[in-house]
There are 2 protein chains.
Amino acid sequence: MREPTFLVLTALAGGPQHGYAVIEDIAGMTGGRVRLRAGTLYAALDRLRTEGLIEADREEIVQSRLRRYYRLTATGERSLTAETARLRTQATIAERRLRIRRIELGGATS
Amino acid sequence: MREPTFLVLTALAGGPQHGYAVIEDIAGMTGGRVRLRAGTLYAALDRLRTEGLIEADREEIVQSRLRRYYRLTATGERSLTAETARLRTQATIAERRLRIRRIELGGATS
DNA sequence: GCAGCATATACCGATGATCGGTATATGAGA
DNA sequence: TCTCATATACCGATCATCGGTATATGCTGC
C-alpha cells in the first residue's frame, strides 16, 4: 500500500467523507505536505471500493453540487490496522539501526 | 519513498552490505514477508546511488564471485531519518482515528 | 557425475499507482 | 466579469516495482 492510499483510508477512519473533503483532510493531516490530485483521489476511491476496503455511504446535493460520501468497511478497517502496525514496526527497526549507527560512527559519515 | 526503497536504506543503515546480502537482510527484517526481486534491488541501488543517498564502499571477490558493497551517505542517513519520522507520525494519526472509531462504533462496522 | 540450489550481478518487458493536466459545473467574492 | 473554491471525472505520462530471464560459480545430495 502506497502513501496516498494509506492516507485515504486514514481519512475515512474518522468517519464518512466525500471526495473533496478527503483531499482537504489529508492536506491538514500532513501539514500541507500531501495534497492529492483529483486523478489520484478518485482513482484510489474507485479501486478501494472494488477491493471492498471502502463503500458508498450516501449522496447529498449541497448548493446543487453532488457530494458522494464513502465510509470504511470492516475489511478496510482491518487492512488499515495491519498497515499501521507494519509502518510502526519498520519505523522501529530503522530507528534502532540509525541509533546504533550514530553511536558507532559518532556522527562521522561520508 | 516506497517500501522497498525504504527497506534498502534501512538495511544499509546497519553498515555496508553487498546486493545479495541486502536482499537477505530485508527478508529477515520483515519476517520473510518481503523478498526483493533482483530487478528491484539493483535498480534501486543504481537509483539511490545516482541520487546520492548511497555510494560504493568496496569490492571483494569471494569464491571467484564479485561482491559490490554499498554504504549509506550522510544525505541518505538524513533521508532515512526523515522518512522514519514521517512513518511514525502517520501511524500515530491512523491509530488515534482507529481508536476513536472503535469507541464510537463499538466494533459494529459494515 | 550431474542435477539442483544458493550465491551474485544484471537486464528486460509488463504492471499499476500516482502525477499533472483538463473538462464540467456552480456559487462566492473581488 | 474574472477568478477562486468546491466537486466529480477522465486522460496520458511517468516511474518504481514485479516477474522473469541470463550468466556464472561453488556446494550438496543422489
Side-chain angles (χ1 to χ4, degrees), chain A residues 1-12 16-28 30 32-51 53-70 76 79-80 83 86 90, chain B residues 1-12 16-28 30 32-51 53-70 76 79-80 83 86 90:
Chain A
M1 189 184 298
R2 303 212 219 171
E3 199 189 4
T5 302
F6 175 80
L7 291 170
V8 168
L9 291 182
T10 302
L12 294 180
Q17 286 192 94
H18 59 96
Y20 197 83
V22 169
I23 292 176
E24 295 298 310
D25 190 9
I26 289 174
T30 60
R33 186 178 60 82
V34 179
R35 188 168 183 92
L36 256 43
R37 306 285 148 176
T40 305
L41 192 265
Y42 293 104
L45 251 23
D46 285 347
R47 182 167 37 84
L48 290 170
R49 210 166 54 77
T50 303
E51 292 168 358
L53 301 191
I54 66 173
E55 61 192 0
D57 185 70
R58 67 185 188 279
E59 290 187 0
E60 273 180 7
I61 304 287
V62 177
Q63 288 170 339
S64 68
R65 240 183 259 112
L66 176 68
R67 280 184 178 175
R68 188 169 296 140
Y69 285 74
Y70 294 92
S79 185
L80 179 59
E83 189 69 8
R86 188 179 70 70
Q90 287 186 3
Chain B
M1 188 185 298
R2 312 239 264 247
E3 198 189 3
T5 301
F6 176 80
L7 292 170
V8 168
L9 292 182
T10 302
L12 293 180
Q17 287 192 94
H18 59 94
Y20 198 81
V22 169
I23 292 176
E24 295 298 311
D25 191 9
I26 290 174
T30 60
R33 187 178 60 84
V34 178
R35 188 166 183 93
L36 256 44
R37 306 285 150 176
T40 305
L41 192 266
Y42 294 105
L45 252 21
D46 284 347
R47 182 169 35 85
L48 290 171
R49 211 165 53 76
T50 302
E51 291 168 1
L53 302 191
I54 66 172
E55 61 191 0
D57 185 71
R58 66 184 189 281
E59 289 187 0
E60 273 179 7
I61 303 287
V62 176
Q63 289 169 337
S64 68
R65 238 183 261 112
L66 176 69
R67 280 183 178 177
R68 189 167 297 140
Y69 286 75
Y70 293 91
S79 185
L80 179 59
E83 189 68 8
R86 186 180 71 71
Q90 287 187 2

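Proteins get letters first, then strands, A, B, ... in listed order; numbering begins at 1 in each.
The E24(A) side chain lies nearest to dT6(D) when the options are dA6(C), dT6(D), dA17(C). Nearest nucleotide to the T40(B) side chain, out of dC18(D), dG20(C), dT18(C): dC18(D). You'll find that the side chain of R67(A) is closest to dT6(D), out of dT17(D), dT9(C), dT6(D). Side-chain proximity of A38(B) to the nucleotides dT8(D), dC19(C), dT9(C) is greatest for dT9(C).
The closest side-chain heavy-atom distance from F6(B) to L80(B) is below 4.5 Å.
Regarding E51(B), its CD atom lies at a distance of 11 Å from the P atom of dC15(D), rounded to whole Å. L41(A) places its CG atom 14 Å from the C1' atom of dC10(D), with the value rounded to the nearest Å. Between the CD atom of E59(B) and the C1' atom of dA8(C) there is a distance of 12 Å, rounded to whole Å. For the pair E3(A) CD and dC15(D) C1', the computed distance is 16 Å after rounding to whole Å.
Phosphate proximity of dA9(D) to Y42(A): absent, as no side-chain N or O sits under 4.0 Å from OP1 or OP2. Note on R47(A): a side-chain N or O is less than 4.0 Å away from OP1 or OP2 of dA17(C).
Among the atoms of the strands shown, only primed sugar atoms or phosphate atoms (P, OP1, OP2) are found under 4.0 Å from some heavy atom of G19(A).
One can find a donor-acceptor pair under 3.5 Å joining the base of dT6(D) and the side-chain atoms of R65(A).
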